[in-house]
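See below for the structure under consideration.
Values below: every heavy atom of this structure, side chains too, minus hydrogens, waters and symmetry copies.
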Amino acid sequence: MRALYWNGVNDLRVGTVKDPEIVNPRDAILKVRLSTTCGSDLHFIDGYIPTMKAGDVIGHEFMGEVVEVGPAVRRVKKGDRVVVPSFIACGECWYCQEKLFSLCDCTHPKPELQEPLLGYPTAGIYGYTHAFGGYAGSHAEYIRVPHADVDCFKVPEGVADETALFLSDAAPTGYMGADFCDIRPGDTVAVWGCGGVGLMAQQSARLMGAERVIAIDRFPERLKMAREHAGSETLDYTQVHSVLEALKEMTGGRGPDACIDAVGMEAHGTGPQYAYDRVKQALRLETDRGQALREAVMACRKGGTLSVLGVYGLIDKFPMGVIMNKGMTVRTAQQHGQAYMDQLLAHAAKGELNPAYLATHRFSLGDGPRGYDMFKHKTDGCVRAVFAP
């Protein structure tokens, strides 16, 4: 089959790879209908997350049609249109029973690659380095889905493919981030980043009852999306002297009740701290540019909540003293998509959450490298590049 694969740092190629096969009775094979880029992909494409191997098929956000199932699969069948969360969960271990699906104890076949850094392995994820399991990704004609009964969710009639696509990762990540904020009526939530996850976090905060949502970014077309689709107030950080002071002014001096970092380790910024991060990252003395995270910590009100959705590795100058002295709550995780999927599908079916507008650019699989280049450099207003194998 044809697939988009990693061939080296900033070197993506399309070629023929081995077809997926049923290897476990609980597996299913999907014909991929749509898959999409994700900002976290850029971290290993740029070489900041190691353990990629030439030929690894990438991609972790997708939906498709079931074409084959193992003999132990009961909940889905051939012909079903399904969406699949990006993290692979067994449904039976302690973590899955606690609905902490991205921490599943049973789906990481190479725990020795994570334990030295994390202490314990996370769940496996499609197409995202061998440190996260080495599973083949979704930018392909077909993909193997382990634990299909746990990880495949039928898409209701009336919910379009492009809507279902973003329920795989962007929507559950943003929804989880808003859920972490324990939003109460009257709350103000600030969200750093107006990419797919940031926009979904903003819409989700609204769905959960936030009175005000403030979106922080620098691209006019993304800030416009935040206003039009999430009803957010917007802040272009390149047009203010200080994001902290701007947010204080917008909130009567108190600061947002909750702050969501939907940017991660390759944050853009301004000023000497950003320059410091750029130098240290270039010298591989740290993997992360933590501008957005540090701003969110500083801007959040005393006793408020920091929700971290951006992917991080090794960060320098993390303001733990600020968090402790301000009495903040910090919540973070890779997305527990299976915990939210029923709610998200219900929202989508009712028209309360339709993330299809994130698909600003559509490509064939053969144009995958060009799609990623456009997505990475945000040219032509690209928010997400979608591939139709």
Side-chain angles (χ1 to χ4, degrees), residues 39-40 85-87 89 94-104 117-120 122-123 125 169-193 195-216 230 247 251 254-265 267 288 290-315 318-341 343-344:
S40 59
S86 57
F87 273 83
W94 185 88
Y95 290 96
C96 288
Q97 291 298 306
E98 293 293 314
K99 300 188 183 303
L100 302 172
F101 293 101
S102 69
L103 305 178
C104 175
L117 290 176
L118 304 183
Y120 306 90
T122 66
I125 180 175
D169 192 282
T173 302
Y175 199 86
M176 180 186 72
D179 185 40
F180 282 172
C181 294
D182 193 22
I183 294 169
R184 295 178 295 180
D187 276 359
T188 296
V189 179
V191 180
W192 273 254
V197 170
L199 289 165
M200 289 297 98
Q202 293 164 41
Q203 286 193 261
S204 299
R206 280 287 192 196
L207 282 171
M208 294 178 192
E211 182 173 315
R212 298 175 68 193
V213 177
I214 302 171
I216 302 150
L247 287 171
T251 58
R254 190 177 73 174
D257 300 287
C259 292
I260 299 175
D261 170 9
V263 180
M265 66 165 64
D288 304 350
Q291 181 95 355
L293 181 59
R294 296 188 191 103
E295 284 181 352
V297 171
M298 290 296 293
C300 193
R301 70 159 169 84
K302 294 178 288 187
T305 299
L306 172 66
S307 174
V308 183
L309 304 179
V311 172
Y312 285 95
L314 196 63
I315 191 169
F318 181 70
M320 191 64 212
V322 178
I323 292 171
M324 187 274 292
N325 281 289
K326 287 170 65 177
M328 293 171 60
T329 297
V330 180
R331 296 197 66 184
T332 184
Q334 298 275 16
Q335 62 118 337
H336 305 306
Q338 292 84 346
Y340 297 104
M341 193 59 70
Q343 293 165 274
L344 290 168

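The nearest pair of heavy atoms linking V213 to A205 is CG2-CB, 4.0 Å. Across V297 and P319, no two heavy atoms sit closer than the pair CG1-CG, 3.9 Å. I183 approaches A210 most closely through the heavy-atom pair CG2-N, 3.5 Å.
Scored by the salt bridge (Lys or Arg N to Asp or Glu O under 4.0 Å) test, R184 finds no partners at all (sequence neighbours excluded). Not a single side chain to side chain donor-acceptor pair (under 3.5 Å) links T251 to another residue, sequence neighbours left out. Y175 is linked by a ring pair (Phe, Tyr, Trp, His ring centres under 6.0 Å) to Y340, H347, counting only residues two or more places apart in sequence or in another chain. Judged as a side-chain contact (heavy atoms from CB on, under 4.5 Å), and not counting sequence neighbours, the contacts of T329 are T305, R331. Residues forming a side-chain contact (heavy atoms from CB on, under 4.5 Å) with Y120 (at least two apart in sequence, or on another chain): none. In this view, A230 and Q202, Q203, S232 satisfy the side-chain contact (heavy atoms from CB on, under 4.5 Å) rule, not counting sequence neighbours. Scored by the salt bridge (Lys or Arg N to Asp or Glu O under 4.0 Å) test, R212 finds E233 as partners (sequence neighbours excluded). Taking A299 as the reference, W192, L244, L247 meet the side-chain contact (heavy atoms from CB on, under 4.5 Å) condition, with sequence neighbours excluded.
Here the straight-line distance linking atom CG of L100 with atom NE2 of H336 works out to 4.5 Å at 0.5 Å rounding. In this structure, D179 CG and L207 CG are separated by 12.0 Å, a value rounded to the nearest 0.5 Å. The NZ atom of K326 sits 6.0 Å away from atom SG of C300, with the distance rounded to the nearest 0.5 Å. Taking SG of C104 as the start and CD of Q97 as the end, the distance is 10.5 Å to the nearest 0.5 Å. Once rounded to the nearest 0.5 Å, the distance linking CE of M200 with CG of L309 reads 12.5 Å. Put simply, CE on M320 and CE on M324 are 8.0 Å apart, with the number rounded to the nearest 0.5 Å.
Remark: the backbone N or O of G177 is paired with a side-chain donor or acceptor of S307 at under 3.5 angstrom. A donor-acceptor distance shorter than 3.5 angstrom exists from the side chain of Q335 to the backbone of G337, with no hydrogens or angles considered. Panel note: side chain S102, backbone Q334; a donor-acceptor pair is recorded below 3.5 Å.
The shortest side-chain heavy-atom distance between V308 and F180 does not fall under the 4.5 Å cut-off. For the pair F101/K99, a side-chain contact is recorded, criterion being any heavy-atom separation below 4.5 Å from C-beta on. Side chains of I216 and V191 form no contact here, defined as non-hydrogen atoms less than 4.5 Å apart. Under the 4.5 Å side-chain criterion, counting only non-hydrogen atoms from C-beta, M298 is in contact with V322.
More than 12 heavy atoms of other shown residues, nucleotides or ligands fall within 6.0 angstrom of atom CE in M208.
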When you look at V189 and R206, which way does the side-chain contact (heavy atoms from CB on, under 4.5 Å) test go after all the steps? CA-CA 9 Å; V189 179; R206 280 287 192 196; over 6 Å; no
Quick one: side chains of residues 254-262, donor-acceptor pairs under 3.5 Å with protein atoms, not counting sequence neighbours, listed by atom name and distance.
| from | atom 1 | to | atom 2 | distance (Å) |
| --- | --- | --- | --- | --- |
| R254 | NH2 | D257 | OD1 | 2.8 |
| R254 | NH2 | D257 | OD2 | 3.4 |
| D257 | OD1 | R301 | NE | 2.7 |
| D257 | OD2 | T188 | N | 2.8 |
| D261 | OD1 | V263 | N | 2.8 |
| D261 | OD1 | G264 | N | 3.4 |
| D261 | OD2 | Y312 | OH | 2.5 |

